[in-house]
Each structure stands twice: as C-alpha cells, then as structure tokens.
Amino acid sequence: MQNLAKEFSFVNDMISLGLIFTLEKIDRRSLADQDIHDAIKLLRNALDLEQLVLTSFDDYRQEIFSRHLEDSHCHHSEKFWRENSSRFEQDDFAILRALRDLIVETTDQETLVIALNDVGQFIRYHHRGRQMVSDLGFKPVVLSMLGKKAPIDANDES
C-alpha cells in the first residue's frame with residue numbers, strides 16, 4: 001500500500017473511485033493484524049492530502065479524459081462553469097478537443113448527451129465560447145449528430 005500511496009496517478013484513481021470511504025469501513029473493523037491498520041492509515045493519509053489538492057475542475061478533467069461521463073453536479077452547476085470556463089483554454093484547449101473527440105467516438109448515449117451539454121455550457125459561460133467551439137470544428141460534429149436518429153425507447157409513451 002505504501003507504493004500505491006506514492007504513485008500520483010493511482011492516488012487520483014483511488015480518490016475518484018471512492019476508496020477513502022472503503023478504507024474507513026475496513027479500518028473500523030477489528031482486525032487482528034496491526035500492520036493492516038497501519039497500512040490503511042498510511043494510504044488514507046495520502047489520499048486525504050491529495051483530495052485537498054484536487055478541485056472540482058480536476059475531477060471534471062479526469063472524467064473527460066476517462067471517456068465515460070456520468071451525470072454529476074459539475075455538468076449542471078452554474079458556479080462551476082462561471083469559475084472554470086476560462087480553464088478550458090489550458091493546454092491548447094485539450095479538454096475541448098477531448099470533448100469533440102468524445103462526441104464523435106462514443107457509443108454511450110449518456111456520455112454523448114452529457115458531452116453535448118458541456119459544450120453548450122462552455123458556450124454559455126465563456127466570453128468567447130461560441131468562437132472557440134467554432135474554431136475547434138464542433139459545428140460539423142454537432143450537425144452530424146443532429147442527422148443521426150436517437151434510439152427509440154419502447155417504454156417511452158410521449
């Protein structure tokens with residue numbers, strides 16, 4: 001566990017997967033081996049320290065690059081978009097480019113809907129959002145999405 005606590009990418013993955021909560025549950029158990037408790041505390045301390053550093057934008061960035069989006073608060077939070085829309089310019093618009101690629105390549109409907117929503121939120125909250133999205137070639141991508149038929153849900157009676 002000590003080696004895992006030292007590896008940055010593993011620590012971020014463990015935080016995003018909710019390992020802190022799991023470690024807390026295990027640590028509350030009465031285990032005969034004190035070394036296990038010590039190892040758990042060491043790992044929890046490393047995760048707690050790193051979690052303080054991570055921001056909601058870092059979590060969002062990780063989610064985008066994981067290529068699987070889940071409907072969480074950051075996708076709908078006005079505060080998140082107001083505070084972070086300018087950060088999308090980092091690394092030559094890497095997050096916007098990843099969103100564009102995700103829209104093109106994903107087969108998961110939920111991920112697609114969330115990604116399209118995020119592009120709309122970016123346009124809404126960034127002072128040059130519409131121009132940036134246009135410059136990065138989103139228009140043909142989104143227009144091609146409009147041409148595709150959405151799957152029909154047999155249980156939908158609307």
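What you see is a predicted model; the values in this text were computed from it and never measured. Values below: all heavy atoms of this structure, side chains included; hydrogens, waters and symmetry mates excluded. Heads up: numbering here begins at 1 and tracks the sequence.
A pairwise comparison of heavy atoms in W81 and H76 identifies NE1-N, 4.3 Å as the closest pair. Contact between L23 and I40 at its shortest, heavy atoms only, is O-CG2, 3.7 Å. Of all heavy-atom pairs spanning C74 and E63, the tightest one is SG-OE1, 4.3 Å. The shortest non-hydrogen separation linking H75 to Q121 is O-NE2, 3.4 Å. Of all non-hydrogen atoms in L102 and A115, the two that sit nearest each other are CD2-CB, 4.4 Å. When all heavy atoms of T106 and L112 are compared, the closest pair comes out as CG2-CB, 3.8 Å.
The shortest distance between side-chain heavy atoms of R61 and D91 falls below 4.5 Å. Side-chain contact between D92 and R97 is present, with at least one heavy-atom pair separated by less than 4.5 Å. At least one side-chain heavy atom of V119 sits under 4.5 Å from a side-chain heavy atom of I103.
Interatomic distance, CD1 of I123 versus CE of M132, reported as 11.5 Å (0.5 Å rounding). Going from atom CZ of F138 over to atom CG of L143 covers 13.0 Å, rounded to the nearest 0.5 Å.
Proximity of a side-chain donor or acceptor of R100 to a complementary backbone N or O of V141 within less than 3.5 Å is not detected. In this structure a side-chain-to-backbone donor-acceptor pair under 3.5 Å is missing from T111 to H68.
Taking the six-membered ring for Trp and the full ring otherwise, the centers of Y60 and F88 sit less than 6.0 Å from each other.
Tested against N84, the residues F57, F122, Y125 include a single side chain to side chain contact (heavy atoms under 4.5 Å, CB included) partner, F57.
Applying the salt bridge (Lys or Arg N to Asp or Glu O under 4.0 Å) test to every pair with at least one member in residues 101-119, sequence neighbours left out, gives these pairs: R67-E105. Sequence neighbours left out, not one pair with a member in residues 122-147 passes salt bridge (Lys or Arg N to Asp or Glu O under 4.0 Å). Pairs engaging residues 21-43 under the salt bridge (Lys or Arg N to Asp or Glu O under 4.0 Å) rule: E24-R44 [sequence neighbours left out].
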